There are 2 protein chains.
Amino acid sequence: MKGDKNLMYSIGEVSKLTGISTYTLRYYEKMGLLPNPYRMDGKQNGIRQYNDQDLRFIQFIYGLKQTGMKLKDIALFVEDGCLLTQNDQEIENIQDILHKRIELLNKHVNLLEQQLEQLGNVMTLANEKRSFYLEMLNEQTSKPVKHFK
Amino acid sequence: MKGDKNLMYSIGEVSKLTGISTYTLRYYEKMGLLPNPYRMDGKQNGIRQYNDQDLRFIQFIYGLKQTGMKLKDIALFVEDGCLLTQNDQEIENIQDILHKRIELLNKHVNLLEQQLEQLGNVMTLANEKRSFYLEMLNEQTSKPVKHFK
DNA sequence: CCTTGACTTAGAGTTTACTCTAACAAATAT
DNA sequence: ATATTTGTTAGAGTAAACTCTAAGTCAAGG
């Protein structure tokens, strides 16, 4: 709880803080990427209220998405996470759930490592090509310009 | 020309060598990601023939795509490249084209650097979460299992 | 009181990037 | 000679991931 402001945020505020549109936030919720947030009671019954923990969770999930995890895989990950908080589940299942989550994370970390490698390769190639173009530019400018017109 | 086999490849061979489907290769060509390849003359007039240089180009382009460059941006990049081989262009334009290509590559390299950073963050978080789950698993297994059933 | 603005929902529409189908041609295999 | 394979085209279909619309609720400001 250290450093937490214990504030609640509307979907609009979360949208501004994360850069994810409200459409997309609701869509992610529907798709099972985000657990159902608390809703206000009384007259404003139904309005979503996010806390700091929710916000951090959304940012983590978005990080997974941004680095190429499929929405369906993220949903799987989140689904298992939700089961962990259901105390009425049989205790034996928790081990299976933990194994599944660990496996999913392992799979993603592997993917990230591959991406890292490919990214490096493309950067090298891009830099090489850039140097080539820069060289061409130099040649262009050092020689008197020929006009064909 | 060193190391080149100077072979020609059909679209099917290119597909097998690159792992890109023939549908996708033709689609990329239509979208302007790949310059029009040579076609056979005579009776087999119309059949695409790719050489080693084409193959390397396709692989570079695919690398850009795989690391998150939008097809439209790749098309822009390629479009400018094609102009370079049109000798009837006015010479002044070549400098502009080189500047544009360098700018596009700079933009992409920046994007890649950002991705690299985000990737690192997500990996750290994923590893942390994984450790947490592993710890939970250990606690689970060291204690006698409680049955609620 | 009434407008403005932020929220709610279900569901329709859009964009991107393929992915495939249909209909046909030409070369190779049986 | 016929069947199979591999190619050609235009254009239709699909899946994922948004993105928006329509119709409505609620509360604060002028």
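Predicted model, so just to flag it, every value in this text is computed and none were measured. To find a chain, count down the sequence lines: A is the first, B the second, and so on, and within it residues start at 1.
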Using atom names, set out every protein N or O paired with an N or O of nucleotides 5-9 of chain D below 3.5 Å, distance rounded to 0.1 Å.
| residue | atom | partner | partner atom | Å |
| --- | --- | --- | --- | --- |
| D:dG7 | OP1 | B:S10 | OG | 2.5 |
| D:dG7 | OP1 | B:G12 | N | 2.8 |
| D:dT8 | OP1 | B:R48 | N | 3.0 |
| D:dT8 | OP1 | B:R48 | NH1 | 2.8 |
| D:dT8 | OP2 | B:R26 | NE | 3.1 |
| D:dT8 | OP2 | B:R26 | NH2 | 2.7 |
| D:dT8 | O5' | B:R48 | NH1 | 3.4 |
| D:dT9 | OP1 | B:R39 | NH1 | 3.3 |
| D:dT9 | OP1 | B:R39 | NH2 | 3.2 |
| D:dT9 | OP2 | B:R48 | NH1 | 2.9 |
| D:dT9 | OP2 | B:R48 | NH2 | 3.0 |

Nearest-angstrom distance from the residue atom NZ of A:K70 to P of D:dC18: 12 Å
Heavy-atom donor-acceptor pair, B:D54 side chain to B:N51 backbone, under 3.5 Å: yes
Nearest-angstrom distance from the residue atom CE of A:M31 to P of D:dA17: 10 Å
Interatomic distance where OH belongs to A:Y50 and P belongs to C:dC7 [whole Å]: 10 Å
From B:Q49 atom CD to B:E13 atom CD, the distance as rounded to the nearest 0.5 Å: 8.5 Å
Under 3.5 Å donor-acceptor, A:S15 side chain and A:I20 backbone: yes
Nucleotide C:dA17, atom P - distance to CG of B:L25 in whole Å: 16 Å
B:Y27 OH - D:dG13 C1' separation (whole Å): 14 Å
Closest contact, heavy atoms only, B:V14 versus B:I58: CG1-CD1, 3.9 Å
Atom pair distance, as rounded to whole Å: CD1 in A:I20 and P in D:dC18: 9 Å
Separation of D:dT19 C1' from A:Y28 OH (nearest whole Å): 12 Å
Minimal non-hydrogen separation, B:A75 against B:M31, with atom names: CB-O, 3.5 Å
B:K65 side chain near C:dC18 phosphate (N/O to OP1/OP2, under 4.0 Å): yes
Heavy-atom pair of closest approach, residues A:D52 and A:Y9: OD1-OH, 2.8 Å
Separation of atom CD1 in B:I61 from atom C1' in C:dA17, rounded to whole Å: 16 Å
Nearest-nucleotide 5' precedence on DNA chain C, B:K72 against B:Y23: B:K72
